[in-house]
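A short worksheet on the structure shown next.
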Amino acid sequence: MPDIDTDFDDDGRQKVIDYVVQKYGTNQVAQIVTYGTMAAKSSINDVARVMDLPLMESRALTKMLPDKMGLTLKRVFTAPLTKTLDKVKKLRELHASNTLEGSVLREAERLEGSIRNTGIHAAGIIIAPTDLTDLIPVATAKDSNLWVTQIEGNSIESAGVIKMDFLGLKTLSILKSALEMLKRTQGVEIDLDDIPLTDEKTYELYQKAETNCIFQFESPGMQKYMKELKPDKLGDLIAMNALYRPGPLAYIPSFIARKHGKEPVAYDLPEMAEYLEETYGITVYQEQVMLLSQKLASFTKGEADVLRKAMGKKDRKTLDKLRPDFMERAKAKGHPEKVLEKIWTDWEAFAQYAFNKSHSTCYA
């Protein structure tokens with residue numbers, strides 16, 4: 001099943017949850033547990049507290065840990081570090097010693113990675129087709145009236161339940177308040193659905209990067225690119241939303257140069273222009289890959305969707321299975337093998353950060 005993400009304004013989110021509970025019953029709706037684990041520093045601090053190591057000394061121990069994100073205690077104590085830092089040498093000596101610090105470090109190493117506490121997922125709601133207790137273990141939580149699953153969100157769908165993300169967005173609350181204020185103070189009624197998406201003055205704000213408080217467009221990096229891109233149509237904003245993420249970020253300078261005619265727009269095959277023209281020849285969306293696989297290799301809509309899903313979930317096995325099929329069928333349509341190889345390789349790289357246009361359009 002897909003994850004179903006729906007955004008509501010902050011005030012409306014609870015109403016939606018109440019509605020779902022009313023419709024399906026409390027025994028079929030639950031929130032999702034999250035597990036907090038003991039990381040290197042918290043592991044040392046917790047053990048030090050229990051073993052009565054003074055606070056100053058436990059802080060001194062955690063300060064000796066290298067600042068690399070994700071570095072585990074096991075690795076600090078055992079990995080062959082070529083340029084061993086003086087701090088790490090000292091930690092290793094303490095770890096091997098018969099002192100209280102040594103005991104704390106050895107216990108902390110054993111406990112690292114254990115579950116320390118549980119929380120509740122900020123947005124996730126599980127809806128089950130039958131009584132939840134027939135499908136998964138559930139628990140109660142002091143800060144929720146609903147049951148809470150005892151399986152985390154990533155693996156819960158295999159139990160036959162559907163995961164909905166009901167997000168409360170401050171941005172939507174701001175829009176709602178703004179409309180109410182306009183009506184109250186100016187007597188002006190505005191329907192958001194009727195606002196034209198071609199208003200020049202609005203695009204001028206984007207071109208000057210006056211986008212504070214605009215969802216997805218307010219970061220300093222995005223503002224810098226807005227000034228360079230000078231967007232003048234909705235399509236530009238949709239594309240920037242999909243591109244401004246780790247991975248595709250590298251394509252933004254090229255996207256901007258092509259929009260302003262400073263770089264030629266090129267296509268691997270002339271047939272690709274139909275679907276890549278709007279993004280100046282750069283593959284930006286999952287939908288483009290779906291349409292191109294249908295056009296170049298006569299994939300059915302179902303097969304194109306399997307390809308999209310494999311990309312979205314970075315499913316290497318399925319991608320490898322689809323490749324020979326794509327190659328054979330596209331060659332049968334007269335496309336040169338060498339170019340097809342390049343197209344597929346590009347798509348495989350694209351799978352690392354594929355984004356769907358429908359999502360990006362809503363944001364824009």
Side-chain angles (χ1 to χ4, degrees), residues 3 5 30-126 136-144 146 148-157 163 165 167-170 216 218-222 244-247 249 313-314 352-353:
D3 266 18
D5 294 4
Q31 287 188 277
I32 302 167
V33 75
T34 56
Y35 290 114
T37 53
M38 292 171 82
K41 284 185 180 176
S42 67
S43 200
I44 291 174
N45 288 333
D46 282 355
V47 172
R49 196 174 63 247
V50 173
M51 294 179 81
D52 291 329
L53 181 73
L55 188 62
M56 294 293 284
E57 288 168 41
S58 83
R59 276 191 184 150
L61 288 179
T62 56
K63 277 187 180 149
M64 288 184 208
L65 285 171
D67 281 334
K68 279 188 187 164
M69 291 288 282
L71 197 63
T72 63
L73 291 176
K74 192 170 185 65
R75 196 164 157 65
V76 170
F77 298 136
T78 59
L81 298 169
T82 42
K83 294 180 183 169
T84 310
L85 304 161
D86 291 340
K87 287 185 195 171
V88 173
K89 278 184 182 158
K90 177 91 173 94
L91 262 180
R92 287 183 174 187
E93 283 165 18
L94 284 169
H95 180 255
S97 71
N98 286 326
T99 60
L100 181 54
E101 282 106 323
S103 303
V104 166
L105 290 173
R106 288 191 292 276
E107 286 301 326
E109 185 188 0
R110 284 177 58 196
L111 285 171
E112 187 181 29
S114 313
I115 289 172
R116 184 179 191 275
N117 52 22
T118 62
I120 295 175
H121 189 284
I125 293 282
I126 288 297
I136 51 170
V138 290
T140 56
K142 61 177 184 290
D143 34 15
S144 173
L146 294 174
V148 178
T149 69
Q150 292 192 49
I151 301 174
E152 273 191 299
N154 299 337
S155 40
I156 198 158
E157 286 165 25
K163 180 162 152 275
D165 271 355
L167 267 157
L169 279 194
K170 191 174 73 198
Q216 301 283 27
E218 61 181 332
S219 68
M222 183 62 113
Y244 192 72
R245 290 172 312 115
L249 204 57
K313 295 207 184 297
K314 303 175 186 51
Q352 300 306 308
Y353 54 78

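Note: L61 CG to K90 NZ = 9.0 Å, rounded to the nearest 0.5 Å. Put simply, CD1 on I32 and CD1 on I120 are 10.5 Å apart, with the number rounded to the nearest 0.5 Å. The CG atom of D143 sits 11.5 Å away from atom CG of L146, with the distance rounded to the nearest 0.5 Å. Atom OG of S103 is separated from atom CG of L100 by 6.0 Å, given to the nearest 0.5 angstrom. With values rounded to the nearest 0.5 angstrom, L94 atom CG is found 6.5 Å from L105 atom CG. Annotation: the span from M56 atom CE to S58 atom OG amounts to 10.0 Å, rounded to 0.5 Å.
Residues forming a ring-ring contact (aromatic ring centres under 6.0 Å, His included) with H121 (at least two apart in sequence, or on another chain): none. In this structure, the side-chain contact (heavy atoms from CB on, under 4.5 Å) partners of E107, at least two apart in sequence or on a different chain, are V47, M51, R110. For S114, the side-chain hydrogen bond (donor to acceptor under 3.5 Å, both in side chains) criterion is met by no residue, not counting sequence neighbours. For T62, the side-chain contact (heavy atoms from CB on, under 4.5 Å) partners are K41, I44, N45, not counting sequence neighbours. Residues passing the side-chain contact (heavy atoms from CB on, under 4.5 Å) test with T37, sequence neighbours excluded: I115. Among residues two or more places apart in sequence or in another chain, the ring-ring contact (aromatic ring centres under 6.0 Å, His included) test is passed with Y35 by none. Here L249 pairs with Y225, Y244, I252 under the side-chain contact (heavy atoms from CB on, under 4.5 Å) rule; sequence neighbours left out. With sequence neighbours left out, E101 forms a side-chain hydrogen bond (donor to acceptor under 3.5 Å, both in side chains) with no residue at all.
Considering only heavy atoms from C-beta on, Q31 comes within 4.5 Å of I125 through its side chain.
Annotation: ring pair (Phe, Tyr, Trp, His ring centres under 6.0 Å) contacts involving residues 90-113, sequence neighbours excluded, comprise F77-H95. Here salt bridge (Lys or Arg N to Asp or Glu O under 4.0 Å) pairs that include residues 47-58, with residues two or more places apart or in two chains, are D46-R49.
Scanning both residues, D165 and G124, for their nearest heavy atoms gives OD1-CA, 3.3 Å. The heavy-atom pair separating I151 from S155 by the smallest distance is CG2-OG, 3.6 Å.
Dense packing is recorded around CG of N117, with more than 12 heavy atoms of other residues, nucleotides or ligands lying under 6.0 Å away.
Panel note: side chain Q150, backbone V138; a donor-acceptor pair is recorded below 3.5 Å.
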